[in-house]
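Note: hydrogens, waters and symmetry copies are ignored here, and every other heavy atom, side chains too, is used. Throughout, residue positions are numbered sequentially from 1 according to the sequence presented.
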Amino acid sequence: MYGPRIERWQSATDWLLTTAAILFLIAYATQILAEPTGVIAGVCEVILYVTWGVFLIDYVVRLAIVENRGRWFVRHLLDLAIVVLPMLRPLRLMRFLAIIAIFQRGAGNMLRGRVVMYTVGATILTVVIAGLAVYDAERANGNIDSFGDAMWWAFVTITTVGYGDYYPVTIAGRVVAVGLMIGGIALIGVVTATLASWIVERVSDAASQQKPAATEEHVESLRREIADLKELVRGLVPAK
């Protein structure tokens with residue numbers, strides 16, 4: 001749809017972007033949970049800026065080489081947000097959502113054969129991201145003052161349970177909550193649709209395999225009936 005050049009670029013950079021996203025998550029989680037100082041804090045900050053630069057370069061290159069630029073731009077607003085909202089805490093964690101966009105590049109075939117794996121992996125990833133983000137936003141001003149509480153809030157929110165025992169009160173925390181709610185609904189919708197498509201495909205395959213067997217059985221039944229009719233006709237014809 002967008003030309004062969006962008007396909008080649010994405011195939012060549014998928015692993016690089018995935019590695020950058022994982023490094024970003026590790027550095028960000030270290031900053032939030034361990035609150036390091038000195039050299040470790042500096043290394044984490046460098047990793048955050050370098051990974052942002054990697055995603056920025058990737059976005060600019062793809063925008064430059066894509067053929068249907070207007071349509072691609074509209075359909076990749078998430079990628080734009082990843083590079084435009086870079087270093088705002090905790091919104092800078094949105095950059096890690098690039099790994100989800102990477103999964104979506106080839107997710108169509110993957111989902112059909114690995115629905116369970118995709119569901120579990122995407123759910124855990126989303127819950128951890130949201131937990132880190134809301135903990136970063138709420139620990140100083142809200143009632144979510146531990147990472148365990150943040151993970152519990154993220155889990156009940158993505159499953160649309162929403163007990164109400166913990167809730168974000170800051171603007172940044174509420175932005176994360178809205179993103180998690182939308183992401184949870186979208187994740188459930190994608191998995192449900194994919195599972196339904198997979199079931200329909202399997203039923204169709206099974207039906208197509210049964211049709212030849214049923215036809216052969218019918219033919220054999222007709223042969224037996226014809227043989228019986230021949231015998232009956234012979235019995236009716238008087239012997240000479």
Side-chain angles (χ1 to χ4, degrees), residues 18 20-37 40-41 44-45 47-48 51-52 55 77-104 107 111 114-195:
T18 302
I22 293 173
L23 289 175
F24 175 85
L25 179 61
I26 294 173
Y28 185 80
T30 301
Q31 281 190 335
I32 301 304
L33 301 179
E35 299 183 6
T37 58
I40 297 179
C44 290
E45 202 65 27
I47 292 175
L48 296 181
T51 54
W52 173 76
F55 289 119
L77 294 177
L78 174 61
D79 294 348
L80 178 63
I82 290 169
V83 297
V84 171
L85 302 174
M87 306 314 292
L88 301 177
R89 299 174 66 107
L91 295 183
R92 63 182 180 178
L93 192 58
M94 289 182 64
R95 200 176 323 134
F96 188 75
L97 296 180
I99 196 171
I100 297 178
I102 295 171
F103 289 156
Q104 290 176 348
L111 287 177
R114 304 174 184 176
V115 176
V116 176
M117 183 184 301
Y118 177 85
T119 303
V120 173
T123 301
I124 293 175
L125 180 64
T126 305
V127 169
V128 171
I129 290 173
L132 283 170
V134 80
Y135 177 54
D136 188 19
E138 298 290 320
R139 58 181 171 177
N141 301 310
N143 64 347
I144 303 176
D145 52 8
S146 70
F147 183 61
D149 292 342
M151 291 295 293
W152 168 253
W153 169 86
F155 183 79
V156 298
T157 301
I158 198 173
T159 56
T160 68
V161 175
Y163 281 113
D165 48 353
Y166 297 103
Y167 51 88
V169 296
T170 64
I171 295 177
R174 290 177 178 177
V175 170
V176 174
V178 171
L180 182 59
M181 295 172 194
I182 296 175
I185 295 173
L187 178 63
I188 293 172
V190 168
V191 173
T192 302
T194 304
L195 182 60

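For the pair Trp153 and Pro168, the tightest heavy-atom approach, listed with the atom from each and the gap, is NE1-CD, 3.5 Å. Considering every non-hydrogen atom in both Ala41 and Pro36, the closest pair reads CB-O, 3.4 Å. Of all the heavy atoms in Tyr28 and Leu48, the pair that sits closest is N-CD2, 4.1 Å. Nearest heavy atom pair, residue Met181 against residue Thr157, reads CG-CG2, 3.9 Å. Residues Gly173 and Ala137 share a closest heavy-atom pair of N-CB, 3.8 Å. Thr126 approaches Leu180 most closely through the heavy-atom pair CG2-CD1, 3.6 Å.
Taking a 6.0 Å sphere around OH of Tyr167, one finds it holds 12 or fewer heavy atoms contributed by other residues, nucleotides or ligands. In the displayed structure, Leu77 atom CG is contacted under 6.0 Å by more than 12 heavy atoms of other residues, nucleotides or ligands.
Taken to the nearest 0.5 Å, the OG1 atom of Thr51 stands 7.5 Å off from the CG atom of Leu23. If you take CD1 on Ile124 and CD1 on Ile129, they are separated by 12.0 Å, rounding to the nearest 0.5 Å. With rounding to the nearest 0.5 angstrom, the OH atom of Tyr135 is 11.0 Å from the CD1 atom of Ile144. Residue Leu33 holds its CG atom at 5.5 Å from CG of Leu132, rounded to the nearest 0.5 Å.
Residues Tyr166 and Val134 fail the side-chain proximity criterion, which asks for heavy atoms closer than 4.5 Å. At a threshold of 4.5 Å between non-hydrogen side-chain atoms, the residues Phe155 and Met151 do not count as touching. Residues Ile32 and Arg139 have side chains in contact (heavy-atom distance under 4.5 Å, counting atoms from C-beta outward).
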